[in-house]
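If you're wondering where the values come from, they're calculated on a predicted model, not measured in any experiment.
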Amino acid sequence: MIELDLLMLSILLYLAGAGLSLIFHNDERRAAHVSGVLCALGGIAGIAAAIPVLLNGDAITQQLYSPFTFADCVIRFDALSAFMVLVISLLVVACAVYSLSYMREYEGKGVWAMGFFMNVFIASMVALVVSDNAFYFIVFFEMMSLASYFLVISEQDEKAVKAGLQYFLIAHAGSVLIMIAFFILYRQSGSLNFADFKTADLSQWQASAVFLLAFFGFGAKAGMITLHGWLPQAHPAAPSHASALMSGVMVKIGVFGIVKVGIDFLGADTAWWGYVVLAFGGVSSVLGVMYALAEHDIKRLLAYHTVENVGIILMGVGIGMIGIANDQPVLATLGLLGGLYHLLNHAVFKGLLFLGAGSMIYRVHTKDMEKMGGLAKLMPYTALAFLIGTMAISALPPLNGFVSEWFIYQSLLTMSKEGTFAMSIAGPIAVVMLAITGALACMCFVKVYGICFSGAARSEQATKATEVPKPMVFGTMSLAVLCIVLGVGSPWIAPTISSVASSLVNSDAITVTQGAALIPDNGAQAILSTPVIALTLLGLLLVPTLILAIFKGPKLTRRHNNDPWACGYGYEDRMTVSAGGFTQPLRAMFVPLYAIRNWLNPAPLFALILEKTKAGATYIEPFFDNRVILPVARFVLRVGKRLQWLQYGDFRTYCLYMVIALLVLLFIPVDLGVN
């Protein structure tokens, strides 16, 4: 079982990185390097452990020593957990290499502590997805939440601490719901092992209660709409490589939990569960991208896009659950294929975008897009990688975002054509919502790339920007290459992810064929040939060159200056498009949707609860002192004053007390036990 050995090696390397970060706390540069190198090696070991399990499809289960008699420490390394380990490890390697140079920005702010919590954070995520016992699952879930909380507050300013507190409250509110769901399963199965949860004797209302508790508990971690308030606060506060991991993989732990409970434990045998997941996914995708459009802070904008993409993933999961409940394994597998593929794709391109944003902030020292501009000439490698990321998240072919959304479109159209009446209604509505999401995402990232990288510099810092160090370039470019590979290589990658989806549905893997049909008649699921699309697009790039070669004449002169053309006028700052002006018509058109953003955000409610709790504490504390402590103190004082006459400081009186005590003792009968 070399796969388990590699998995354990991966976790041990993360823990070693955490420990050495503490040991080298006096040398922050060395702590950052040791932490980053061991973190990268742990990610490589995780990739090596996950790939054989994904290719073979065999689940590996092993019981380890547990110090607790009531909970077995069981590891289950199956297709789903191996897929999650692969997703985590891919992003970890890029972020770890990126951090080797990026952490210089935080020297003097506790780099060693960030390295410690980063490694603990990653190790807990890996351990969580392979844990097969509810107790250890919750322990690792809490470790993950606490470690990420300390990463959020690493800046230690008022804004970061406030964001961390909000994240802490929402995350642990979700944890309470998850624990209640697990407790119901424990009561009905008599065991904390996940294998026994699958055979728990649940009534329909108990199963629905468990699903809803788990859905909203894990949904808080996933950041779906109504439970998303912590994302735009926490992600900008954390270091950029930590933001990449939180947005790219930590929120997917929430999706993993929904799939684990809803499909693996409960069997997804109730159709309305799937419709709930699909509805929340559709609303999250549309509102997430609309709220992103209104942002000028680049990391807050990317955080809202996490809400959007989690919504797209949940749409795929919801379709899968609907297919299972209606005994349509092909539909279920196709929906889960789209959801899981987008889970992987989002981890890659969102990690890329957060690292790219970190590179810009590293040079410009601001998150405000209005103070960037013209960075493409000064930071060409970062600009190229970021451009690929924006195209991928906008679902443009032949990149990876296009492929996963294509599968989700296919599943929705299949559901509309072959399903029940409810499915035929829900399918088209979801298709429209997904189409709106894609169009708005394109608009948003045209704004982002145009404002940040094109035109003239908008601040003095932007004019002085230079390319970031090589480790940071490697981190972004490696993820950019992955975006291309996952898109162009989809005909070979999709069957492997399809087998993961099939293992959840308990059916044979669907056949993924090359073709252009939306809904093939033979039951095989087609995918547009991304290699052909890539070659076609490369060929189209030659068309402008060909036109220029044909029509080039004396009137066609090459522009030798670098100034942008402004309709014949001189280039003026007031003519440039701002981030706010770009989206102003949309924000004016959808004022009601932006108005309900605060209503959907639970953060004000949590702030009110915290305020009331503090007010209650300030009332209870003096009440306890006034009603308990002070009356006891006053009683002791009164008793002391009454007994004070016994002590006058006169030596003769003390001698009298001693004589009286001796006389009393002389007259007390004592049985010495002598016969």
Side-chain angles (χ1 to χ4, degrees), residues 117 121 124-125 128 137-155 158-182 211-238 242-243 245-258 261 276-277 280-281 283-284 287-288 291-292 295 297 299-300 302-311 313-314 350 596-614:
F117 288 117
F121 171 54
S124 59
M125 284 195 293
L128 183 153
F137 185 96
I138 291 295
V139 169
F140 295 133
F141 193 88
E142 287 299 304
M143 286 176 58
M144 175 187 70
S145 298
L146 288 172
S148 55
Y149 162 74
F150 285 110
L151 289 171
V152 170
I153 64 171
S154 56
E155 288 279 3
E158 182 179 355
K159 191 174 182 180
V161 171
K162 183 179 178 181
L165 180 60
Q166 181 176 333
Y167 166 59
F168 185 86
L169 290 173
I170 295 179
H172 285 81
S175 297
V176 171
L177 298 181
I178 296 168
M179 285 189 278
I180 296 172
F182 283 175
F211 167 73
L212 290 175
L213 287 166
F215 177 66
F216 288 108
F218 286 112
K221 181 63 69 179
M224 68 183 187
I225 209 72
T226 71
L227 299 172
H228 67 286
W230 63 272
L231 270 90
Q233 303 296 329
H235 287 183
S243 298
L245 286 169
M246 290 176 67
S247 179
V249 293
M250 187 189 73
V251 297
K252 310 304 173 28
I253 299 298
V255 177
F256 170 79
I258 293 171
V261 175
V276 168
V277 177
F280 272 90
V283 174
S284 295
L287 293 185
Y291 296 155
E295 291 296 335
D297 183 316
K299 292 184 74 174
R300 278 180 62 89
L302 293 175
Y304 275 118
H305 274 288
T306 298
V307 178
E308 170 218 339
N309 283 277
V310 165
I313 296 168
L314 288 179
K350 184 52 69 66
I596 66 172
R597 174 162 44 174
N598 294 331
W599 180 75
L600 289 173
N601 187 357
L605 176 62
F606 279 98
L608 179 63
I609 293 173
L610 181 62
E611 183 180 349
K612 295 296 183 183
T613 302
K614 289 166 60 179

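Atoms CE and CG, from Met250 and Leu151 in turn, are 9.5 Å apart once rounded to the nearest 0.5 Å. Separating the OH atom in Tyr149 from the CG atom in Leu165 is a distance of 6.5 Å, to the nearest 0.5 Å. How far CZ of Phe117 is from CZ of Phe150: 5.0 Å, rounded to the nearest 0.5 Å. Taken from CG in Leu177 to CG in Leu227, the straight-line distance is 9.0 Å, to the nearest 0.5 Å. The line from CD1 of Ile258 to CD1 of Ile313 is 10.5 Å long, rounded to the nearest 0.5 Å. Atom CD1 of Ile225 sits about 10.0 Å away from atom CZ of Phe280, to the nearest 0.5 Å.
The side chain to side chain contact (heavy atoms under 4.5 Å, CB included) test applied to Ala163 returns Val152, Gln233, Ala237, not counting sequence neighbours. Listed by chain and residue number, Thr306 satisfy the side-chain hydrogen bond (donor to acceptor under 3.5 Å, both in side chains) test with Ser247 (two or more places apart in sequence, or in another chain). With sequence neighbours excluded, the residues forming a ring-ring contact (aromatic ring centres under 6.0 Å, His included) with His235 are Trp230, Phe354, listed by chain and number.
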Query raised in the report: For Phe121 and Leu245, what are the C-alpha separation, side-chain angles and deciding distance, and is it a side-chain contact (heavy atoms from CB on, under 4.5 Å)?
Result: CA-CA 9 Å; Phe121 171 54; Leu245 286 169; 3.9 Å; yes
**Report entry** Pair Tyr291-Val307, side-chain contact (heavy atoms from CB on, under 4.5 Å): steps then yes or no
**Finding:** CA-CA 10 Å; Tyr291 296 155; Val307 178; over 6 Å; no
Report task. Just do the side-chain contact (heavy atoms from CB on, under 4.5 Å) check on Val277 and Phe211 with the steps written out, would you? Result -> CA-CA 11 Å; Val277 177; Phe211 167 73; 3.8 Å; yes
Name each donor-acceptor pair under 3.5 Å that joins a side chain in residues 212-221 to protein atoms two or more places apart or in another chain, with its distance.
residue	atom	partner	partner atom	Å
Lys221	NZ	Ser145	OG	2.9
Lys221	NZ	Tyr167	OH	3.1

Show me the side-chain donor-acceptor pairs of residues 168-175 shorter than 3.5 Å, one per line, residues at least two apart or across chains.
residue	atom	partner	partner atom	Å
His172	ND1	Phe168	O	2.8
His172	NE2	Glu142	OE1	2.7
Ser175	OG	Glu142	OE2	2.8
Ser175	OG	Ala171	O	3.1

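In this structure a side-chain-to-backbone donor-acceptor pair under 3.5 Å is present from Lys299 to Ala238. Of the possible donor and acceptor atoms, none in the side chain of Arg300 sits under 3.5 Å from a partner among the backbone N and O of Glu295.
Taking the side chain as every heavy atom from C-beta outward, Leu314 and Met224 approach each other to under 4.5 Å. Inter-residue side-chain proximity for Phe182 and Ile138 is flagged as met; some heavy-atom pair is nearer than 4.5 Å.
When all heavy atoms of Leu231 and Pro236 are compared, the closest pair comes out as O-CD, 3.8 Å. Closest non-hydrogen pair, Lys350 versus Asn309, comes out as NZ-ND2, 4.4 Å.
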